[in-house]
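Below is one structure; the comments refer to it alone.
The figures here come from the full heavy-atom set of this structure, side chains too, leaving out hydrogens, waters and symmetry mates. All chains are named by letter (A, B, ...) in the order of the sequence lines, taking the proteins before the strands, and each is independently numbered beginning at 1. Fair warning: this is a prediction, and the values are worked out from it, not measured in the lab.
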2 protein chains.
Amino acid sequence: MNSAPKVPIPTLERLATYLRYLIDLEASNVDTISSTEVERQTGINAAQFRKDLSYFREFGKPGVGYNVVELQTRIARILQIDRDQSVIVIGAGNLGSALVGYPGLGEHHFNIVGVFDSSPHKIGTTIFDLDILDVRTLKENNALLRARIAIIAVPASAAQAVAENAAAAGVRALLNFAPIILKVSDRVVVRNVSFLQELAVLSYQIVADVRK
Amino acid sequence: MNSAPKVPIPTLERLATYLRYLIDLEASNVDTISSTEVERQTGINAAQFRKDLSYFREFGKPGVGYNVVELQTRIARILQIDRDQSVIVIGAGNLGSALVGYPGLGEHHFNIVGVFDSSPHKIGTTIFDLDILDVRTLKENNALLRARIAIIAVPASAAQAVAENAAAAGVRALLNFAPIILKVSDRVVVRNVSFLQELAVLSYQIVADVRK
DNA sequence: TAATGTTTGTAATATTTTTCACAAAGTCGC
DNA sequence: GCGACTTTGTGAAAAATATTACAAACATTA
């Protein structure tokens, strides 16, 4: 399906960073930007920026730089966030709730269309205008909701089962907040976010006295 | 200060993963584990595991494997999470609040000792038994709290200023949730968590049809 | 104790990612 | 239009990270 030379994950991560930055630039009425200026403002090497973009044909004009609006549009299209995407959140605890209420998601076309939980105390109640649904009805509900991205914000003990149910319900991508390595089919992509891992690395770095 | 051969960041990240896994193993009364078995259960290459550990002298016994409790203890010490660490949370919105209430942190010796916000509606109120303090008093308060790690959960527009204040207040490490690249002194280490970035990468990967 | 099997630690190799360096393309002032 | 700049896009080099492969260490069985 995808015959393009494969794009490194770090490049994709940086594309998202560039996009944020370009949105700010547009708001400041800057219409052109050079890779050198990107480096000055983001700390990301200018050649890195150019190489990242080079995975997707030409963007810039020699001697001038990049058109802010055009680059923004193209990166958004590459990342598929130029259109609305349905996302479901599984787990309506503190973290799940915070994510449902995070306005940044909607601003970037990630529309949360469903929230699921297993607790009878939560099912049927509402959170940020969304009904909390029974996680046991995930498959039936997602047949209608058609979300391809799920955010897993349940305890570690429930995460693997939830991941499998999500996959069976047609979900193709998981953003996993549970501190566990999920085993899923090749058809499903996973990214993990672990606060503890991040804190642990910082904790080490403080004493290791790493310099930039 | 640190003359040890420098440890790759990916290795540190994996150490945190191993630690979680070892805690589970101990709970299941497993007392010895081999690198092959680690690979089978976590998907992390066995040699990778051994190499990661090799940055910190020997751990295992040829022909046998690794003692679960001992390895756990040593990794915890390496990551400095064998002792209590004070952490402050700046920003008491949905996300900041969720973090304050996240029990996993305390379980791993990350003790949240202070929560700060700028909103007069929040200052003086309580969240999970902690008073919300005025972010303008960060420096004075941290002189007492002595946290070296701060979690930044404020809007992007406030994050840079907050980071600078935290650094001035003696904070040495920042876990930044704001979608912005912080500019801080060499003495401060930063790690960024961006939900949008994670979702954007997933969003790309769904259509790029990446296989493992 | 010897033979067999398992597992570690690491040197060597391979792969991935980043950075360098420069030709080609474009701008600007005169 | 010409010369002096600026900036892109990308091969080539460098650096970082992951994997392979294997000698050495230890266990186990007989």
According to a strict under-4.0 Å criterion, is A:Ser35 in side-chain N/O contact with OP1 or OP2 of D:dT8?
yes

For the residue pair A:Tyr102 and B:Phe195, categorise the inter-ring angle as parallel (less than 30°), tilted (30 to 60°) or perpendicular (more than 60°).
perpendicular

A:Pro10 side chain: which of C:dA25, D:dC22, C:dT18 is closest?
C:dT18

Please state how far atom CG in B:Asp52 lies from atom C1' in D:dT19, giving the value in whole angstrom units.
12 Å

Once you round it to whole Å, what is the distance between C1' of C:dT19 and CD1 of A:Ile44?
14 Å

Separation of D:dA24 C1' from B:Lys61 NZ (nearest whole Å)
16 Å

How long is the line joining CD of A:Gln48 and P of C:dT16, in whole Å?
16 Å

For the side chain of B:Lys51, counting heavy atoms from C-beta on, which of C:dT10, D:dG9, D:dT17 is nearest?
C:dT10

Can you find a side chain N or O atom of A:Tyr55 that sits less than 4.0 Å from OP1 or OP2 on C:dT17?
no

Please confirm whether B:Phe49 and B:Tyr66 have ring centers closer than 6.0 angstrom.
yes

What is the separation between atom CD on B:Glu37 and atom P on C:dT6, rounded to the nearest whole Å?
14 Å

What's the NZ-P distance between B:Lys6 and D:dA16, to the nearest Å?
5 Å

Which nucleotide in D:dC22, C:dC20, C:dG26 has an atom nearest any side-chain atom of A:Ala47
C:dC20

Would you say C:dT17 has OP1 or OP2 under 4.0 Å from some side-chain N or O of A:Asn45?
no

Just checking, any donor-acceptor pair under 3.5 angstrom between side chains of A:Asn111 and A:Ser86?
no

By nearest nucleotide on DNA chain C, pick out whichever of B:Gly65 and A:Gly63 is the more 5' one.
B:Gly65

Among D:dG9, D:dC26, D:dA27, the nucleotide that comes nearest once only the side chain of B:Pro62 is considered
D:dC26

Could you check which of D:dT17, D:dA21, C:dT7 has an atom nearest any side-chain atom of B:Ser34?
C:dT7

Without decimals, in angstroms, what is the distance between B:Arg40 CZ and C:dT6 P?
12 Å

OP1 or OP2 of C:dT18 less than 4.0 angstrom from a side-chain nitrogen or oxygen of A:Arg14, does that happen here?
yes

Given atom CZ of B:Phe49 and atom P of C:dT8, what is their separation to the nearest angstrom?
8 Å

Go through the side-chain N and O atoms of B:Gln80 and B:Gln85 and say whether any donor and acceptor fall under 3.5 Å apart.
no

CG (A:Leu175) and OG (B:Ser203) are apart, to the nearest 0.5 Å, by 12.0 Å

